[in-house]
There are 2 protein chains.
Amino acid sequence: MRGLHADTGYLLYRIGLRSGQLFNAFLQESGLRLRHYALLRFLATTEGALQRELSTRLGYDPSAIVGLVDDLEKLGFAARRPSPDDRRSRIVVLTDDGRAFLRDTDEAGLRATSTLLRPLDATERDTLHTLLQRIAETELS
Amino acid sequence: MRGLHADTGYLLYRIGLRSGQLFNAFLQESGLRLRHYALLRFLATTEGALQRELSTRLGYDPSAIVGLVDDLEKLGFAARRPSPDDRRSRIVVLTDDGRAFLRDTDEAGLRATSTLLRPLDATERDTLHTLLQRIAETELS
DNA sequence: AACAACTATTGACGTCGACAATTATTGTCC
DNA sequence: GGACAATAATTGTCGACGTCAATAGTTGTT
């Protein structure tokens, strides 16, 4: 009989939970949560995205995106703009304040991850990251 | 600016979520969920454990353990026995039915994990597993 | 005997993720 | 060009989850 922590899938589940907790702890003072942060970080990579696009790319339900963008808009970190060619869509863009926020909290985010990966050295972290990215590419796309 | 999937902590969070979903999907027909399964699997490694012990080892709140053991007891997979030397405690043990259930679902659990780790070959899976276990040892103990 | 510490339990609360239903708009098909 | 399916955003609902506070019963300490 295998032990409790013998299954990789279960390990991923448990560690993923812990990672989310750590991230939220670091974000606590800003009033945002991991999902907000992920959305901001995604916005930083594009000129602006439809909410539908955010949903598929981040893996969150469309209904979840609504609330997240609401919060970010209230804080002035993101804004909804009307789409010129489709009046159903809104284009979500990162504001200057949002960009500044990302700059300021970038280090804190790295520190959260670093806390979790404390037992691993630099090369091991790289290895882990590469493996995870391979999984993410096929699984979360 | 780093991309969305550039952070290992975030990757762990997302993949961990997905792993939990896969596990729950394969457990669906049995009426159990991931947490029940984890508890059963832990019981299989011991002669019997106090609920307090289950709480600390599994990382679940003591109040959560109550409901989980209730469910498992109702299904006949686990049982509470009075502790001989402390009448506050109950010793939770795996029943024969519970052990049989684990045997039957063992393969399915492995398949769930295997689905997730599909993009990795055998040695890569070993590497990943080892790294995760190192993290789990320091972080979830 | 009094009191602090511990075990299991119950209850409450906020969050999270999944899903159905709705509204407004666009595209398609005959 | 008019009926109808498809799509984008939104709202509402629901179960599961994690955390915390409080309680009852029991043990250990002094």
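The chains referred to below are lettered A, B, ... by the order of the sequence lines, with proteins before strands, and numbering in each begins at 1. What you are looking at is a predicted structure, and each value in this text was computed from that prediction instead of being measured.
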Using the side-chain contact (heavy atoms from CB on, under 4.5 Å) criterion, which residues pair with [X]? Sequence neighbours excluded.
X	result
B/Asn24	B/Arg33, B/Leu34
B/Leu75	B/Leu32, B/Phe77
B/Glu124	A/Leu131, A/Arg134, B/Leu120, B/Asp121

Problem set entry | A/Phe23: partners by ring-ring contact (aromatic ring centres under 6.0 Å, His included), with sequence neighbours left out |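 Expected list: A/Tyr37.
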For this session: Return each pair, listed once, that meets ring pair (Phe, Tyr, Trp, His ring centres under 6.0 Å) where at least one residue sits in residues 103-127 of chain A; pairs must be two or more places apart or across chains.
Result: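 For residues 103-127 of chain A: none.
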Seminar exercise, completed: Ordered by number, residues from residues 47-55 of chain A within less than 4.0 Å of DNA chain C (heavy atoms) are none
Would you list the protein and nucleotides 19-21 of chain C atom pairs, both N or O, that sit under 3.5 Å from each other?
unit_1 : atom_1 : unit_2  : atom_2 : d
C/dC19 : N4     : A/Asp61 : OD2    : 3.4
C/dC19 : N4     : A/Ser63 : OG     : 2.7

Exercise. What pairs of residues pass the side-chain hydrogen bond (donor to acceptor under 3.5 Å, both in side chains) test when at least one of them lies in residues 46-55 of chain A, not counting sequence neighbours?
Worked result: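 Checked against side-chain hydrogen bond (donor to acceptor under 3.5 Å, both in side chains) - neighbours excluded - the pairs reaching residues 46-55 of chain A are A/Gln51-A/Arg80.
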Given atom [atom1] of [X] and atom [atom2] of [N], what is their separation to the nearest angstrom?
X	N	atom1	atom2	result
B/Gln21	D/dC17	CD	P	12 Å
B/Arg18	C/dA18	CZ	C1'	13 Å
A/Ile65	C/dC16	CD1	P	13 Å
A/Leu27	C/dC16	CG	C1'	16 Å
B/Tyr37	D/dC17	OH	C1'	21 Å
A/Leu17	D/dT19	CG	C1'	13 Å

Seminar exercise, completed: Taken in chain and number order and not counting sequence neighbours, the residues that satisfy salt bridge (charged side-chain N to carboxylate O under 4.0 Å, His left out) with B/Asp96 are B/Arg99
For this session: Report the residues that fulfil salt bridge (charged side-chain N to carboxylate O under 4.0 Å, His left out) with B/Asp61, sequence neighbours left out, ordered by chain and then residue number.
Result: none
Problem set entry | Single-linkage hydrophobic cluster, 4.5 Å side-chain cutoff, B/Phe26 and A/Tyr13 together | yes
Exercise. Mind checking whether B/Leu132 and B/Leu12 have side chains closer than 4.5 Å, heavy atoms only?
Worked result: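 With C-beta onward as the side chain, the pair touches.
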Seminar exercise, completed: Ordered by number, residues from residues 66-91 of chain B within less than 4.0 Å of DNA chain D (heavy atoms) are B/Asp86, B/Arg87, B/Arg88
For this session: Each residue besides B/Ile91 in its hydrophobic cluster should be listed here, by chain and number; the cluster joins Ile, Leu, Val, Met, Phe, Trp and Tyr at side-chain heavy-atom distances under 4.5 Å.
Result: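 Reading the cluster by chain and number, B/Ile91 sits alongside B/Leu50, B/Val93.
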